[in-house]
Number of protein chains: 2
Amino acid sequence: MLDAADAACAAHGARLTPLRRQVLGLVLESPQPIGAYALLDRLKESRSGAAPPTVYRALDFLLEHGFVHKVERLNAFVGCRSATEGHDHHDHAHTVQFLICGRCGHVQELEDASVRAALAKAAAHAGFTPGRMTVEVEGTCRDCARG
Amino acid sequence: MLDAADAACAAHGARLTPLRRQVLGLVLESPQPIGAYALLDRLKESRSGAAPPTVYRALDFLLEHGFVHKVERLNAFVGCRSATEGHDHHDHAHTVQFLICGRCGHVQELEDASVRAALAKAAAHAGFTPGRMTVEVEGTCRDCARG
DNA sequence: CGCCATCGGTTATAAAGTAACAGGTTCCAG
DNA sequence: CTGGAACCTGTTACTTTATAACCGATGGCG
Ligand SMILES: [Zn+2]
Ligand SMILES: [Zn+2]
Ligand SMILES: [Zn+2]
Ligand SMILES: [Zn+2]
């Protein structure tokens, strides 16, 4: 996962510095969306000088390059699970959708073409040129519904 | 608009108190989404004792009863423009969509059935039981695209 | 070397949201 | 009408989330 990020950065002339790489690793190893300050606490374990700007700057980079997404409803960040699957990352970041389980906190990333199309059509009908889309559905995941 | 809210509250046994009514008025008269603290500043002009809880509690009530919506991407609130059109308000609040112009800041409220259906289908396909949905599209509105 | 751009450390502050308690009001059962 | 429960608001203090501004270090490049 991190190696793929190295490769993607090399290909785009972006610099996945040790700090950025470490933050990406922390986000990826979190089973749930992780907040910037939780990330900061983890980061402090190895970087005593870490402060909010440290983590926010790294997150800005990772967001910009599509390695992580922000879940707006949670003010938290998730690693992109399709970053290594050959999508157009830039586009993906603008159209990704999340299913957020309100019980266990699990977040699943989707990229459903019909959702995207329906939104694009609705926007066009209103004379609106769509850009970045935030689509987040709160509900109950399969596992929690069974239990 | 406010009169309609009075009527809706009376019909549901909810109490649209002077404070809540005033906050709703402030949200409705704002041409753009308005943040809680901007709201607080306006509120202070007539209520010297207003503090964050004052406005957040009023907003909680207004959100719960569907008179306003929160735009997650902006941490700001908009008056519901369809609250008086006989929709099922409770359901509406869970499925409303926003088109947010990044240039002029204008926000248009939508409730597109095909978007909702596409999302419900995508969620079901993942074994997910959907609840409240956040759908926000950032882009350029018709007016700004022309200019 | 001297210059520029990028990165990250550091301090401070802004913006957004909540907890907890106290006093007042409304409303209904008795 | 009285007493208590539920609700509403004032008030203080605090937490969480995010950004501004400044600085030195690093590294490429003419
Ligand atoms: Zn992704
Ligand atoms: Zn779950
Ligand atoms: Zn609405
Ligand atoms: Zn516009």
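Throughout, protein chains are lettered first and strands after them, A, B, ... in sequence-line order, and every chain is numbered starting at 1.
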Colleague: On DNA chain D, which is the earliest and which the latest nucleotide, 5' to 3', with an atom closer than 4.0 Å to a heavy atom of chain A?
Modeller: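 Nucleotide range in contact with chain A: dT17(D) to dA21(D).
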
Colleague: Anything below 3.5 Å on both distances counts as a pair; with that, list the stems of at least three consecutive Watson-Crick or G-U pairs involving DNA chain D.
Modeller: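 Expected stems, ordered by start: C:1-30 with D:1-30.
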
Colleague: About how many Å separate NE2 of His65(B) and SG of Cys9(B), when rounded to the nearest 0.5 Å?
Modeller: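 One gets 6.0 Å once the value is rounded to the nearest 0.5 Å.
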
Colleague: Rounded at 0.5 Å granularity, tell me how far NZ in Lys121(B) sits from OG in Ser114(A).
Modeller: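 Atom-to-atom, Lys121(B):NZ and Ser114(A):OG are 6.5 Å apart.
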
Colleague: Going only through I, L, V, M, F, W and Y residues with side-chain contacts under 4.5 Å, is there a path from Phe67(A) to Val55(A)?
Modeller: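 Phe67(A) and Val55(A): one cluster.
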
Colleague: Got a sec, which residues hit side-chain contact (heavy atoms from CB on, under 4.5 Å) with Ala122(B), two or more places apart in sequence or on another chain?
Modeller: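 For Ala122(B) the side-chain contact (heavy atoms from CB on, under 4.5 Å) partners, ignoring immediate neighbours, are Leu110(A), Asp112(A), Val115(A).
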
Colleague: Quick one: label Arg15(A) by what it contacts on the DNA or RNA (base, sugar-phosphate, nothing), any heavy atom closer than 4.0 Å.
Modeller: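 Sugar-phosphate: the residue Arg15(A), judged by heavy atoms under 4.0 Å, touches backbone atoms but no base.
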
Colleague: Checking Arg73(A) now: which residues fulfil side-chain contact (heavy atoms from CB on, under 4.5 Å) with it, not counting sequence neighbours?
Modeller: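 If we apply the side-chain contact (heavy atoms from CB on, under 4.5 Å) test to Arg73(A), skipping adjacent residues, the hits are Ile100(A), Glu136(A), Glu138(A), Glu72(B), Arg132(B), Thr134(B).
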
Colleague: Taking DNA chain D as the partner, which of residues 68-78 of chain A come within under 4.0 angstrom of it by heavy atom?
Modeller: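 Going residue by residue through residues 68-78 of chain A, the ones with a heavy atom under 4.0 Å of DNA chain D turn out to be Lys70(A), Asn75(A).
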
Colleague: Ala51(A): what forms a side-chain contact (heavy atoms from CB on, under 4.5 Å) with it, not counting sequence neighbours?
Modeller: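 Result, side-chain contact (heavy atoms from CB on, under 4.5 Å) vs Ala51(A): Pro53(A), Thr54(A).
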
Colleague: Please compare Arg57(A) and Tyr37(A) by the position of their nearest nucleotide in DNA chain C and report the one closer to 5'.
Modeller: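 Here Arg57(A) is the residue nearer the 5' end.
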
Colleague: Are Leu2(B) and Ile34(B) in one and the same hydrophobic cluster, where Ile, Leu, Val, Met, Phe, Trp and Tyr link if side-chain heavy atoms are under 4.5 Å apart?
Modeller: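 Result: yes, single cluster for both.
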
Colleague: Would you name the heavy atoms of Gly131(A) and Val137(B) that are closest together and state the gap between them?
Modeller: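 Looks like N-CG1, 4.3 Å.
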
Colleague: So, for Cys101(B) and Phe128(A), which heavy atoms are closest and what is the spacing to 0.1 Å?
Modeller: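 Taking every non-hydrogen atom into account, N-CE1, 3.9 Å.
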
Colleague: How far does CG of Leu16(A) sit from CZ of Phe61(A), to the nearest 0.5 angstrom?
Modeller: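 Going from CG on Leu16(A) over to CZ on Phe61(A), the span is 5.5 Å.
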
Colleague: What are the bounds, 5' to 3', of the part of DNA chain C that sits under 4.0 Å from heavy atoms of chain A?
Modeller: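 Using the under 4.0 Å cut-off, the span is dT6(C) to dT11(C).
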
Colleague: Hey, are the side chains of Leu43(B) and Leu19(B) touching, using non-hydrogen atoms and a 4.5 Å cut-off?
Modeller: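 Yes, their side chains come closer than 4.5 Å.
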
Colleague: Counting only non-hydrogen atoms, which of residues 38-45 of chain B are less than 4.0 Å from DNA chain D?
Modeller: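 None, since no heavy atom is under 4.0 Å.
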
Colleague: With a 4.5 Å cut-off on side-chain heavy atoms, are Leu63(A) and Lys70(A) touching?
Modeller: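 Yes, side chains in contact.
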
Colleague: Any chance you could measure His69(B), atom NE2, to Arg81(B), atom CZ, to the nearest 0.5 Å?
Modeller: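 Going from NE2 on His69(B) over to CZ on Arg81(B), the span is 10.0 Å.
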
Colleague: What pairs of donor and acceptor atoms, side-chain ones from residues 23-33 of chain A against any protein atom, are under 3.5 angstrom apart with sequence neighbours left out?
Modeller:
from	atom 1	to	atom 2	distance (Å)
Glu29(A)	OE2	Arg42(A)	NH1	3.4
Ser30(A)	OG	Gln32(A)	N	3.4
Ser30(A)	OG	Gln32(A)	O	2.4
Gln32(A)	NE2	Cys104(A)	O	2.6

Colleague: Counting C-beta onward and ignoring hydrogens, is there a side-chain heavy-atom pair between Leu62(A) and Phe77(A) closer than 4.5 Å?
Modeller: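 Answer no - side chains too far apart.
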
Colleague: Could you give all pairs that pass the side chain to side chain donor-acceptor pair (under 3.5 Å) test and reach residues 2-13 of chain B, with sequence neighbours left out?
Modeller: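 Every pair satisfying side chain to side chain donor-acceptor pair (under 3.5 Å) with a residue in residues 2-13 of chain B: Asp3(B)-Arg21(B), Asp6(B)-Arg21(B).
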
Colleague: Do any of residues 47-54 of chain A sit with a heavy atom less than 4.0 Å from DNA chain C, and if so which?
Modeller: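 The answer is Arg47(A), Gly49(A), Ala51(A), Pro53(A), Thr54(A).
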
Colleague: Please list every donor-acceptor pair under 3.5 Å in which a side-chain atom of residues 139-147 of chain B meets a protein atom from a residue at least two apart or in another chain.
Modeller:
from	atom 1	to	atom 2	distance (Å)
Arg142(B)	NH2	Ala126(A)	O	3.3
Asp143(B)	OD1	Arg146(B)	NH2	3.2

